[in-house]
Amino acid sequence: MKKESLKREWLPARTIALSFFLVICAGTFLLWLPISAKENVSTSFIDAFFTATSATCVTGLVTVDTATHWSLFGQTVILLLIQIGGLGLVTLVSFFNVMIKKRIGLRSMQLAGESISTTDFKDVYSLLKFIVRFSLAIEGIGALFLMLTLVPMYGMRGIFFSVFLSVSSFCNAGFDPFGFEAPFCSLVGFYQSPMLLFTIACLIIVGGMGFGVWSNVLSYKRSHHLSLHTRLVIFSTIALILTGGLFILMLEWNNPQTLGYMTTGEKLANSLFLSVSSRTAGFNSFDLNAMTSPGKLFICLLMFIGAAPGSTGGGIKITTMVVLASTVWCALRGLGEVYILRHQIKKNIVYKSLAICAVAVVVCIIASVGAGFNLGGSDPNWGINTFFEAVSAFGTVGLSVGVTGEASLIGKIALILTMYIGRVGPVSFALALASAPRPSKAVIMPEGKIMVG
C-alpha cells in the first residue's frame, strides 16, 4: 500500500524542478571556489548563487561582470551551466541513456516526454537524439560564423568568445564575454557589426522556436505536413519580430542615447536585433536604461510573451499568447468555443493558458517590489525599471536597466526565485510544490450563475 501511494505522489514536474535546483547548487559551489574568480578569492555566496541560477535558468542577469570577475575556469563553468540549463539535465541524462541503449521504463519515458514537451511516447527516443545533435550542430555552425568577426579582432581569444557567445545565444542565455571593453556592456560595441548581430539573432530564433517545431519542419519533405503548433510558432515568431522591430524603431528613432546617433540602416538592424533578443535572449546593442518609458514598456511586453514551448527560451510562451488572444476574439464574437486556424482548442488548454498568464503577472508584480527593495530614491524611473528587471527575470531574458547590479540582498533573492520560476514554468513550479492529484469519484456539482463584465 505504501509503495503504491509513493507512486501516485510522483510527478515529472517535481523531478524536473529538482534537477534544475541540483544543477544550480553544483554551479554555486564551483563558482564559489577561489579558482573561479580572477582575483583567486572566493566570490560571495549570494553572487555565486545568483550567477549559477542565472546561467542554469538561461537568463543572463548578473551581479558581477562575466569577463572581469570570473576566471577562464569560472567562465567555463558558466558556459556548461548554460548548456545544461538550455537543454535540461533530464533531457541530457535521458539522451545518454538512449545512446548506451539502456532500457527506459514508463516513468522515465513520462519524465523525458515532460522535459522535451511531448506527450507522444513513440517520439521520445527520436526527439531526444534530434535535440542534442541539432543543438550541437547549430552551436558549432554559429561559432564558425562568429569567428569571422571575433578572431580578426581578438586573435585566438576570439575562438573562445565565439563558442561562448554561440552557446549563450542558442540557449537564449544572454551572457557575454566582452566586459573587459566596458563592464556590463553586452554587445553595445558591436552595433555596427551586421554580420555578428545577424548570426546571434539567427541563433536566438532557432533556439527559441522549439525543438519539436524544427523536427517537424525538417521532416516536412517526407511527411508533407506541418502541425498546427508548428504553424502557429512560425507565424507568431515572424509577426512578433517584425512588429517589435517596427515599434522599437518608432519609439526610439530620435532618442540620441539609443538609436538617434545611428544611420538609417543601423537603426533598422539594431531595432530588429532588440526585437529578437528581448523575447528571452538578453543581448543589447545600445543602452537600455536610456530608452524612453514607452520603449521600456513595450520591451516588457515582448519579454513577458517570450519564446515557444519546448525551446531554450522562457516567458509565458507565444502559443499561450495566441490562445489567450483567440479566446478573447471568440468571446467577443459570441462563440462558445475557442478556434484557431479552423481547429477547436480544448478547454483545458485555455484554462492552462489563463492560469499561466495570471500567475506570471502576479509573480512579476511581487518580484518588482522585491527587486526594488531599498532602492527607490529620487529616480523618477524607479517603478518602471524595477518592473522591467522583474519581467526580464521571469522571462529568463537577462536584459537589464541597472537594477540587478544595485539590488539589495532581498532584491537578489527575489530575482533568483523569479528566474527559477520562469525557467521551470509557473504551472510546473506550482505542481512541483503541490501534492499529486489522487483519483476521486466523479461528483456532479450544481451550476453556479455569476455575472461578469
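No side-chain donor-acceptor contact under 3.5 Å links Ser54 to the backbone of Val62. For Asn216 (side chain) and His225 (main-chain N/O), a donor-acceptor pair under 3.5 Å exists by modelled atom type. Between the side chain of Ser408 and the backbone N or O of Phe373 there is at least one donor-acceptor pair closer than 3.5 Å. Within the 3.5 Å criterion, the main-chain N or O of Arg222 finds no donor-acceptor partner in the side chain of Ser219. Judged by distance alone, with hydrogens and angles left aside, the side-chain atoms of Thr51 form no donor-acceptor pair with the main-chain N or O of Ala48 at under 3.5 Å. Panel note: side chain Ser278, backbone Leu302; no donor-acceptor pair is recorded below 3.5 Å. Looking at Thr292, its side chain does come within 3.5 Å of a backbone N or O of Gly295 through a donor-acceptor pair. A donor-acceptor pair is defined here as one N or O able to donate and one able to accept, closer than 3.5 Å; such a pair exists between the side chain of Trp214 and the backbone of Val206. Counting only distance, with no hydrogens or angles, the side chain of Ser326 and the backbone of Val322 share a donor-acceptor pair below 3.5 Å.
In this structure, Gln257 and Met291 have side chains that are not in contact, with every pair of non-hydrogen atoms separated by 4.5 Å or more. Between Glu139 and Cys171 there is a side-chain heavy-atom pair separated by less than 4.5 Å. In this structure, Lys317 and Ser353 have side chains that are not in contact, with every pair of non-hydrogen atoms separated by 4.5 Å or more. Side chains of Ile204 and Thr280 form no contact here, defined as non-hydrogen atoms less than 4.5 Å apart. Side-chain contact between Ser135 and Leu87: present, with at least one pair of heavy atoms (C-beta onward) separated by less than 4.5 Å. With contacts defined as side-chain heavy-atom distances shorter than 4.5 Å, the pair Val188/Phe286 does not qualify. In this structure the side chain of Ile82 never reaches within 4.5 angstrom of the side chain of Thr56, judged on heavy atoms. When side chains are defined from C-beta on, Phe49 does not count as touching Leu31, because their heavy atoms never get closer than 4.5 Å.
Thr319 contributes atom OG1, which lies 9.0 Å from atom CD1 of Ile349 (distance to the nearest 0.5 angstrom). With rounding to the nearest 0.5 angstrom, the CD1 atom of Ile238 is 11.0 Å from the OG1 atom of Thr243. Separation of atoms OG1 (Thr59) and CZ (Phe50) is listed at 8.0 Å; rounding is to 0.5 Å. Distance check, rounded to the nearest 0.5 Å: CZ of Arg423 to OG1 of Thr312 gives 7.5 Å. Taking CD1 from Ile131 and OG from Ser311, the interatomic distance works out to 10.5 Å, rounded to the nearest 0.5 Å. The CG atom of Leu232 sits 9.5 Å away from atom NE2 of His343, with the distance rounded to the nearest 0.5 Å.
The aromatic rings of His224 and Tyr220 sit perpendicular to each other, their planes meeting at more than 60°, with 30° as the lower class boundary. Below 30°, between 30° and 60°, or above 60°: for Tyr420 and Phe21 the angle between ring planes is above 60°, a perpendicular geometry. Between Tyr191 and Tyr261, the angle of the ring planes goes over 60°, which puts this pair in the perpendicular group of the 30/60° scheme.
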Stepwise side chain to side chain contact (heavy atoms under 4.5 Å, CB included) check, Val328 with Leu324: CA-CA 6 Å; Val328 173; Leu324 292 175; 5.7 Å; no

task: Would you sort out whether Ile24 and Leu81 count as a side chain to side chain contact (heavy atoms under 4.5 Å, CB included), showing the intermediate values?
output: CA-CA 8 Å; Ile24 290 170; Leu81 291 175; over 6 Å; no

Side chain to side chain contact (heavy atoms under 4.5 Å, CB included) between Ile416 and Ile46, worked out: CA-CA 10 Å; Ile416 286 172; Ile46 188 64; 4.0 Å; yes

message: For Phe178 and Phe190: C-alpha separation, side-chain torsions, deciding distance, then whether ring-ring contact (aromatic ring centres under 6.0 Å, His included) applies.
response: CA-CA 10 Å; Phe178 302 117; Phe190 297 94; 4.8 Å; yes

field: Chi angles and distances behind the side chain to side chain contact (heavy atoms under 4.5 Å, CB included) call for Tyr339, Ile345
entry: CA-CA 6 Å; Tyr339 299 94; Ile345 306 303; over 6 Å; no

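Across all non-hydrogen atoms, the minimal contact from Leu165 to Pro177 is CD1-CD, 4.2 Å. Pairing each heavy atom of Thr66 with each of Phe164, the nearest pair is CG2-CZ, 4.2 Å. Listed here is the closest heavy atom pair of Val217 and Leu226: CA-CD2, 4.1 Å. Minimum interatomic distance between Val401 and Lys296 (heavy atoms only, all atoms of both residues): CG1-CE, 4.3 Å. Between Ser166 and Leu146, the shortest heavy-atom contact is N-CD1, 3.7 Å. Smallest separation of non-hydrogen atoms from Ser392 and Leu399: OG-O, 2.7 Å.
For the residue pair Ser227 and Thr230, a side-chain donor N or O sits within less than 3.5 Å of a side-chain acceptor on the partner. For the residue pair Ser271/Glu252, the side-chain donor-acceptor check at 3.5 Å is not satisfied. Defined by atom type and a distance below 3.5 Å, a donor-acceptor pair is present between the side-chain atoms of Glu389 and Thr404.
Within 6.0 Å of CZ in Phe184 there are more than 12 heavy atoms belonging to other residues, nucleotides or ligands. For Phe235, the CZ atom is loosely surrounded, since the number of other residues' heavy atoms within 6.0 Å does not exceed 12. Sparse packing is recorded around CZ of Phe198, with 12 or fewer heavy atoms of other residues, nucleotides or ligands lying under 6.0 Å away.
Across Phe388, Phe304, Phe247, a single residue satisfies ring-ring contact (aromatic ring centres under 6.0 Å, His included) together with Phe298, and that is Phe247. Exactly one residue among Leu187, Leu249, Leu197 makes a side chain to side chain contact (heavy atoms under 4.5 Å, CB included) with Asn270. That residue is Leu197.
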